[in-house]
Amino acid sequence: DDDEVPDPGWLQAMAADLQSSGADICCGPLRPRFDAPAPRWAVDGGFFAKTGRHIGTGNIMFRSAILPQDEAAWFQPAFAHTGGEDEELFSRLMAQGARFTTAADAWVTERVPASRLSLGYIVRTGLRDGVIAVALARSRQHSRLVVAALALRHMAAKAAYAAFHLLKSLQDGWHLVAALRDAAEVMGTLAALFGWRIRHYGRPA
């Protein structure tokens, strides 16, 4: 991404892991660089860090041969304002047999604007991820019943995470923010089932 800077040796680390593993897709970890002093919850909870164990185009290398010949089957415009187009594309390719690995030493640093260091932004990302979960189910051409079942399963999992973080918040405060985010994702998933959408991109950061 244009707001990220790779560490020295990033390219070699990504290529080496891709080659040695024989995988088709490789992601690496991400550390944040805050534009303003970050709240303790943002640092302790790792809300702006990524491990590289999940698909994300912010730090990725993949074999171009796995892409469909038709470019219209690459990133889908339906995800343009919510995000999730990378997850949709690469999870689709993995369902077709593409293999995934993580390059633990291929680090990038991402700039985090001060405007994102708020509970409002965390709630909005939770709502957004709930919308994406429903959009992903619908993109796989499932019936309405199957989409609803998948959404309910997703909501149940996130509600369980929220309860876990709520209990853990007695020991460490950042868990309360995590519980808030998970609860927002439950609400976003439910709202998306009834047609609600959110515009996460195409607006000020």
Side-chain angles (χ1 to χ4, degrees), residues 24-25 27 30 41 45-58 60 62 66-68 70-100 102 116 118-169 174-203 205:
D24 303 294
I25 306 164
C27 286
L30 178 152
W41 59 259
F47 289 94
F48 298 93
K50 296 179 182 177
T51 63
R53 290 194 288 269
H54 300 281
I55 288 290
T57 49
I60 192 170
F62 59 91
I66 68 174
L67 292 173
D70 182 3
E71 293 185 14
W74 296 5
F75 291 138
Q76 298 302 296
F79 294 86
H81 296 301
T82 59
E85 68 277 8
D86 47 358
E87 184 178 354
E88 189 282 324
L89 171 61
F90 288 105
S91 64
R92 175 160 37 98
L93 296 176
M94 289 167 65
Q96 296 169 0
R99 292 170 295 170
F100 175 79
T102 299
R116 295 184 180 180
S118 69
L119 295 180
Y121 181 82
I122 295 299
V123 168
R124 197 164 76 240
T125 58
L127 291 169
R128 184 274 307 264
D129 286 351
V131 172
I132 289 174
V134 175
L136 286 171
R138 286 175 173 154
S139 72
R140 293 168 185 140
Q141 300 181 338
H142 291 311
S143 67
R144 290 184 179 181
L145 185 60
V146 172
V147 169
L150 291 172
L152 288 173
R153 186 172 70 179
H154 186 76
M155 290 166 60
K158 288 299 174 179
Y161 283 130
F164 167 78
H165 284 299
L166 198 57
L167 289 173
K168 294 290 287 185
S169 67
W174 70 263
H175 284 282
L176 191 60
V177 180
L180 182 65
R181 189 194 180 287
D182 287 331
E185 189 162 345
V186 172
M187 296 304 298
T189 305
L190 179 62
L193 278 176
F194 292 93
W196 184 74
R197 297 178 64 85
I198 188 171
R199 188 183 182 94
H200 191 73
Y201 295 106
R203 57 179 294 166

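Worth knowing before you read on, the calculation uses all heavy atoms, side chains too, and leaves out hydrogens, waters and symmetry mates.
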Practice task
Please report the shortest heavy-atom distance between Ala162 and Ala179, naming the atom on each side.
Solution key: O-CB, 3.5 Å

Problem - Separation between OG1 of Thr82 and CZ of Arg197, rounded to the nearest 0.5 Å - result: 6.5 Å

Handout entry: Residue list, side chain to side chain contact (heavy atoms under 4.5 Å, CB included) with Val186, at least two apart or on another chain
Key = Met155, Lys158, Ala159

Completion exercise
Here the gap from Phe79 atom CZ to Asp86 atom CG, rounded to the nearest 0.5 Å, amounts to 10.0 Å

Exercise for the section: Give the minimum heavy-atom separation between Ser139 and Leu136, together with the two atoms involved. Expected result: OG-O, 2.7 Å

Exercise for the section: State the CH2-CG distance between Trp41 and Leu119, to the nearest 0.5 angstrom. Expected result: 5.5 Å

Exercise for the section: State the CH2-CG distance between Trp196 and Leu127, to the nearest 0.5 angstrom. Expected result: 4.5 Å

Practice task
Determine the sole option in Leu150, Leu190, Val147 for which the side-chain contact (heavy atoms from CB on, under 4.5 Å) test with Val134 is passed.
Solution key: Val147

Handout entry: Glu71: side chain to side chain contact (heavy atoms under 4.5 Å, CB included) partners, not counting sequence neighbours
Key = Trp74

Completion exercise
Value for CZ (Phe100) from NE2 (His54), rounded to nearest 0.5 Å, stands at 8.0 Å

Exercise for the section: Anything under 30° is parallel, anything over 60° is perpendicular, the rest tilted; go ahead and classify Tyr121 against Phe48. Expected result: parallel

Handout entry: Between Glu185 and His154, a side-chain donor and acceptor under 3.5 Å
Key = yes

Problem - Separation between CZ of Arg144 and CG of Leu193, rounded to the nearest 0.5 Å - result: 11.5 Å

Practice task
Go through the structure and list residues passing salt bridge (Lys or Arg N to Asp or Glu O under 4.0 Å) with Glu85, not counting sequence neighbours.
Solution key: none

Problem - Nearest heavy-atom neighbours spanning Gly130 and Ala192 - result: O-CB, 4.4 Å

Exercise for the section: Show the numbers, then the answer: is there a side chain to side chain contact (heavy atoms under 4.5 Å, CB included) between Phe62 and Leu93? Expected result: CA-CA 11 Å; Phe62 59 91; Leu93 296 176; over 6 Å; no

Handout entry: Side-chain touch Ile25/Ile55, heavy atoms, less than 4.5 angstrom
Key = yes

Exercise for the section: Return yes when atom OH of Tyr161 has more than 12 non-hydrogen atoms of other residues, nucleotides or ligands closer than 6.0 Å, and no otherwise. Expected result: no

Problem - Which residues share a side-chain hydrogen bond (donor to acceptor under 3.5 Å, both in side chains) with Arg92, sequence neighbours left out - result: Glu88

Handout entry: Sub-4.5 Å side-chain heavy-atom contact between Thr125 and Phe47
Key = no

Handout entry: Flag if over 12 foreign heavy atoms under 6.0 Å of CE, Met187
Key = no

Problem - Qualifying residues under salt bridge (Lys or Arg N to Asp or Glu O under 4.0 Å), relative to Arg140, sequence neighbours excluded - result: none

Exercise for the section: Applying side chain to side chain contact (heavy atoms under 4.5 Å, CB included), run through Val177 and Ile122 and close with a yes or a no. Expected result: CA-CA 8 Å; Val177 180; Ile122 295 299; 4.0 Å; yes

Handout entry: Partner residues of Arg128 under the salt bridge (Lys or Arg N to Asp or Glu O under 4.0 Å) criterion, sequence neighbours left out
Key = none

Exercise for the section: State, yes or no, whether a side-chain contact exists between Asp129 and Arg181 at a heavy-atom distance under 4.5 Å. Expected result: yes

Problem - Side chains of Phe164 and Asp182 in contact at under 4.5 Å (non-hydrogen atoms) - result: no

